[in-house]
Amino acid sequence: MNTPTTSASPPSLRLHLIVLAALLALLLTSAGCALLPLGVFNTLSALGISVIKTLLVMAFFMRLRRGPPLLRIAAAVGFAWLAVLIGMTVAEVLTRVVLPSPW
Amino acid sequence: MNSGDAMLAQQFDDAAQQRDASALGMWTFLATEALFFGVLFAGYTVCRVRFPEAFAAGSRHTDMLLGTIETAVLLTSSCAVALALRDVQLGGRRVAAWLLVLTAALGLSFLVMHGFEYFSEYREGLIPGIRYTQQGPLAGPMQLFFCLYYFITGFHSLHVGIGVILLLVMARRTWRARFSAQYYTPLELSALYWHLVDIVWIFVYPLIYLVGRAG
């Protein structure tokens, strides 16, 4: 716990603006992909781009890239629980067999 | 009041330890927030697997252009609050305060745009239980989409509203030189909260506005 939360010198202005430009480019990419008939890849590309945007925000704006390991673990655990919640719910729904009524 | 040591609570050895404990507490809170919205997203997933056509039809009723602009506004506001924190860390005060006001203004403009969306949905008769005038085979399950839409975006807007108030308080404190290069923990935690609000919206955008657009 003795490692400082943030590094002595904060990230540069240039880095912030590059990340913002990347986020806005990804936003336009996801909007563009949504208009193309890609089938199941419409959903996959939209969610994949959202994950990339989230990682950019967490790594650079929330400064986890240089954050202490404990904070990175705490952040990862939150999303791991979320993955368990949604993953197991979807697994149950997708494998459910509708049984016909016996009478 | 400016130095980190003057703000040190007695249970901590030094300012760095206090700041790390605060950040860890905030990240734990953010994990509970992610799970709070996660339940709504899980409900959304279950309903969308069951009624894919109704969710695509519901999504086509939302305003994709406005949703895209709202996303861009929130992403920009996240960058602004990160820059405000950077400025305080470098010993700045006025620029940081104005950046925080800018962030709050962007958050407020997001709420206004969303208000317009809600109003146009009310006029179109897309609010189940209040004013729902849709007809056809998909009208029934489409109510599920709109219920989830109002719960997810409603709770998100509530978070944006709380964030706007928090950012204005931080802007006032920054302007009054309550923070310095040595002590800026409340500002850092408020920024983390605002980034989480942004991240939630990053997932709301494709799930609400981008479904079934190609068809």
Side-chain angles (χ1 to χ4, degrees), chain A residues 1-6 8-13 16-17 19-20 23-24 26-28 30-31 33-39 42-43 45-47 49-51 53-54 57-58 60-64 67-68 70-75 77-83 85-86 88-90 92-94, chain B residues 13-14 16-17 19-24 27-28 30-35 37-39 41-43 45-46 48-50 64-65 67-68 71-72 75-76 78-83 85-90 184-185 188 191-192 195-196 198-199 202-203 205-207 209-215:
Chain A
M1 288 292 289
N2 286 328
T3 322
T5 302
T6 48
S9 60
S12 67
L13 174 66
H16 279 92
L17 295 180
V19 172
L20 176 61
L23 287 168
L24 293 176
L26 284 167
L27 168 64
L28 292 178
S30 68
C33 283
L35 297 174
L36 301 173
L38 303 174
N42 277 124
T43 306
S45 67
L47 289 177
I49 289 172
S50 290
V51 169
K53 282 198 283 191
T54 300
V57 170
M58 288 176 75
F60 295 100
F61 290 169
M62 297 172 104
R63 299 186 185 173
L64 280 180
L70 188 63
L71 282 195
R72 288 199 259 183
I73 291 171
V77 164
F79 284 94
W81 280 117
L82 189 61
L85 169 72
I86 293 180
M88 293 188 81
T89 305
V90 171
E92 196 272 332
V93 170
L94 291 181
Chain B
D13 291 337
D14 51 37
Q17 192 192 45
R19 200 167 68 218
D20 284 350
S22 304
L24 180 62
W27 271 105
T28 310
L30 295 187
T32 68
E33 286 281 65
L35 286 170
F37 281 101
V39 172
F41 286 129
T45 309
V46 170
R48 185 168 155 185
V49 167
R50 178 78 179 80
M64 182 177 164
L65 178 64
T68 308
T71 313
L75 291 172
T76 310
S78 244
C79 185
V81 76
L83 287 173
L85 179 63
R86 173 181 182 274
D87 192 51
V88 168
Q89 281 182 293
L90 295 174
Y184 48 81
T185 306
E188 187 177 26
L192 284 176
H195 294 311
L196 181 93
D198 184 27
I199 286 175
I202 285 175
F203 284 94
Y205 172 64
L207 295 177
Y209 295 91
L210 299 186
V211 189
R213 292 288 174 183

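Letters A, B, ... are given to chains in the order of the sequence lines, protein chains preceding strands, and every chain is numbered from 1.
- For chain B, no part of Ile49(A) is nearby; none of its heavy atoms comes within less than 4.5 Å.
- Note: Ser78(B) leads Ser22(B), Ala31(B), Ser78(B) in heavy-atom pairs under 4.5 Å with chain A.
- Only the side chain of Asp198(B) comes within contact range of chain A, with at least one heavy atom under 4.5 Å from a heavy atom of that chain.
- Proximity to chain A (any heavy atom under 4.5 Å) is shown, for Thr71(B), by both the backbone and the side chain.
- The parts of Val51(A) that come within reach of chain B are both its backbone and its side chain, each placing non-hydrogen atoms under 4.5 angstrom from that chain.
- In this structure, the portion of Leu30(B) lying under 4.5 Å from any heavy atom of chain A is its side chain and not its backbone.
- At a 4.5 Å heavy-atom cutoff, Ala191(B) makes no contact with chain A through either its backbone or its side chain.
- At a 4.5 Å heavy-atom cutoff, the contact between Leu82(A) and chain B is made by backbone and side-chain atoms alike.
- Within the model, atoms CG of Leu35(A) and CZ of Arg213(B) stand 8.0 Å from one another, a figure rounded to the nearest 0.5 Å.
- In this structure, OG in Ser50(A) is found 11.0 Å from CD1 in Ile199(B), a value given to the nearest 0.5 Å.
- With 3.5 Å as the limit, one finds a donor-acceptor pair spanning the side chains of Thr43(A) and Arg48(B).
- Side-chain atoms of Tyr205(B) and Thr68(B) form a donor-acceptor pair, as typed in the model, at a separation below 3.5 Å.
- Atom CD1 of Ile202(B) is separated from atom CG of Leu47(A) by 12.5 Å, given to the nearest 0.5 angstrom.
- Both the backbone and the side chain of Val39(B) come within less than 4.5 Å of a heavy atom in chain A.
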